[in-house]
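Here is the structure we will look at.
Remember, it's a predicted structure, so these values are computed and weren't measured experimentally.
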Amino acid sequence: MTTRRGADALAAALVAEGVQHVFTLSGNHIMAVFDAALDSGVHLVHVRHEAAAVHMADAYARLTGKVGVAMVTGGPGHANAVGALYTAAMAESPVVLLSGHAPLAELGTAAFQEMRQAEMASVVTKASGVCTAPANAGLDFVKAVRVAHSGRPGPVHLSLPTDVLEGAAADAPQPAIEGAQYPAINVQPAIDRIAAAKRPLVLCGPMCMTREGRRRMTQLEEASGVPVIGMESPRGVNDPSLGAFAGVLARADFVLLVGKRLDFTLKAGKALAPDCEVMQVDTDRTEIDRTKRAMGERFKGATPAETFDALDAFARATWKASSHDWRDEVRGQLAWRPEGWSELSTVRTLAPLQALLDAHPDSVFISDGGEFGQWAQAVLHAPNRVINGVAGSIGAALPFAIGARFAQPQAPIIAAMGDGTFGFHPAEIDTAVRHKAPFLAVVGNDARWNAEYQIQLRDYGRDRLNGCELLPTRYDQVAIAFGGHGEHAATPGEVLPAARRALASGKPAVLNVTIEGAPAPTFKP
């Protein structure tokens, strides 16, 4: 009779939690889980870099609302993965990172790849710990899933020592584990403040930028007549996808923050008008206290509640009939683009891709990178969107596209990225080829780190440009070398035919587009 191991208990818990895919990179510490996955039916997506596994899990979580699971080996494998957790954390994405770990019995003996992994991950996760017994492997994973989903969603890390994974685990039923519970929200004080305001806004955080979150925001706006705006860009009030938002925000006289931090994206409150009042709905007392300190007497109260629960409660509430003039004005400002916009070279390069995104009800738009990524966000939209987010860290687009394919098996996936971004994880094209996970990567190739180039140009002058040059590499040929499909476009008119050929190939594809490096757009009517 085969002995049930900690790895088997973990695999059973993965199945019980509905986990179908684990994004992973093999290593000594976790081979027992690879073995257990054979019998459990859990699909292992075997990647080429540990950070990429986390990015794939992140995109999968954002697109499905389910937990995204990444698994890596211990020591340096774990260290490689940790940086990607920050992107997931700032995107409020429910990810669980499982890391192999030196055996418990050898800790303190300078064991192979022994490292204080839990402490390392703790600064970029909601919780981080080490499983201490084979029988707890499944239970600890379920706890991690509950923490990842509760309150403000975010990543959780669990280290799994090899003697835990390989040790005998009693076959016992796992107790039910509930997530955090919050009292019913009283929405009336905020509704009364909104009714008294002339120009109110509701601002929501990154977790609301998922498809489900945007549905709830729309539902609230339709019920209340109040503009409801989601924010997830590191450019904050200058988010190019939000048009002239900065000017709108500066005129608001009341802002309700629903799961939205008063952070650098709002200039710690300085982006608001001097007389604007604020209320907040949040599960995190630290965030509420920060807002209270920043706003002083203009802070008018807070309520602890889950973000989606709060949006639903506000949408169900009774709202007084009011003019929609303010809402219509705000929507017009968010959609505003300057005169001559459609004739700009980068816009003409990107705009034709919208037809491909409009062709399917579940299409996915991914955007990552410095300036080119911001142009893409100003031009393109889709039912599903994944961007590098508030973290502002670039490089995740190719892994995002692969994670998206497992979330949306049939929909077109278009990932717009700069040439700097492409260089972080090009080997994941091999992952996509092996796992038959097609997508279209559109690489804006200006042969430089353009975001930093623009900073140097603006702050130091043209004669102080230094170190931001890249080669005009043919990234389409890189894709072909990995077994994917490659296309090149030298002019905007060549983009759409090349993109159609790339999608029709049924392979992971790269469309390398020669562009002029332009600063990201900002909109001030």
Side-chain angles (χ1 to χ4, degrees), residues 10 13-14 16-19 22 54 57-70 85-99 118 121-131 136-159 174-187 204-217 230 232 257-261 263 280-291 302-315 389-391 407:
L10 173 63
L14 288 164
E17 288 297 304
V19 175
V22 173
V54 175
D58 178 6
Y60 180 86
R62 293 195 229 176
L63 291 169
T64 64
K66 302 175 183 178
V67 68
V69 180
L85 290 172
Y86 181 68
T87 296
M90 298 303 285
E92 300 174 358
S93 182
V95 169
V96 172
L97 171 63
L98 302 173
S99 299
S122 65
V123 295
V124 288
T125 56
K126 294 180 67 177
S128 181
V130 180
C131 184
N136 293 342
L139 181 64
D140 285 352
F141 171 74
V142 175
K143 290 178 179 178
V145 172
R146 298 294 180 273
V147 174
H149 275 298
S150 67
R152 174 175 279 105
V156 175
H157 160 252
L158 176 63
S159 272
Q174 300 285 0
I177 301 173
E178 301 295 333
Q181 301 295 315
Y182 297 91
I185 181 175
N186 178 12
V187 299
C204 300
M207 72 169 290
C208 294
M209 296 304 290
T210 62
R211 191 174 190 176
E212 181 59 26
R214 285 183 284 124
R215 183 191 69 78
R216 284 180 155 94
M217 288 195 296
E232 64 169 343
L257 302 171
V258 180
K260 173 72 187 88
R261 292 181 168 108
D263 58 7
Q280 190 167 20
V281 177
D282 210 293
T283 57
D284 191 337
R285 189 71 231 181
T286 301
E287 297 300 330
I288 294 172
D289 289 344
R290 179 186 294 120
T291 303
T303 301
E306 297 265 11
T307 298
F308 280 5
D309 290 346
L311 290 174
D312 291 344
F314 278 108
V390 178

* Heavy-atom donor-acceptor pair, Ser93 side chain to Asp58 backbone, under 3.5 Å -> yes
* Asked: Is a side-chain N or O of Thr125 found less than 3.5 angstrom from the main chain of Val156, in a donor-acceptor match?
  -> no
Smallest separation among heavy atoms of [X] and [Y], with atom names:
X: Ala118; Y: Ser128; value: O-OG, 2.8 Å
X: Ala407; Y: Thr64; value: CB-CG2, 3.5 Å
X: Gly259; Y: Thr307; value: CA-OG1, 3.4 Å
X: Leu158; Y: Phe141; value: CD2-N, 3.9 Å
X: Ala310; Y: Ala305; value: CB-CB, 4.4 Å
X: Ile185; Y: Ala313; value: CG2-CB, 3.5 Å

Separation between [atom1] of [X] and [atom2] of [Y], rounded to the nearest 0.5 Å:
X: Arg216; Y: Phe314; atom1: CZ; atom2: CZ; value: 14.5 Å
X: Leu10; Y: Asn136; atom1: CG; atom2: CG; value: 12.0 Å
X: Glu306; Y: Met207; atom1: CD; atom2: CE; value: 7.0 Å
X: Thr303; Y: Ile288; atom1: OG1; atom2: CD1; value: 8.0 Å

* Asked: Sequence neighbours excluded, which residues qualify as salt bridge (Lys or Arg N to Asp or Glu O under 4.0 Å) partners of Glu17?
  -> Arg146
* side chain to side chain donor-acceptor pair (under 3.5 Å) partners for Ser159, two or more places apart -> Gln117, His157
* Can you pull the salt bridge (Lys or Arg N to Asp or Glu O under 4.0 Å) pairs that have at least one residue in residues 147-158, sequence neighbours excluded? -> Glu92-Arg152, Arg152-Asp282
* To do: Decide yes or no on side chain to side chain contact (heavy atoms under 4.5 Å, CB included) for Lys260 and Cys208, but give the supporting numbers first.
  => CA-CA 9 Å; Lys260 173 72 187 88; Cys208 294; over 6 Å; no
Side chains of [X] and [Y]: does their closest heavy-atom pair fall under 4.5 Å?
X: Val258; Y: Leu311; value: yes
X: Leu98; Y: Val22; value: no
X: Lys126; Y: Ser150; value: yes
X: Val19; Y: Val67; value: yes

* List the steps and the verdict of side chain to side chain contact (heavy atoms under 4.5 Å, CB included) for Met209 and Met217. => CA-CA 9 Å; Met209 296 304 290; Met217 288 195 296; 4.0 Å; yes
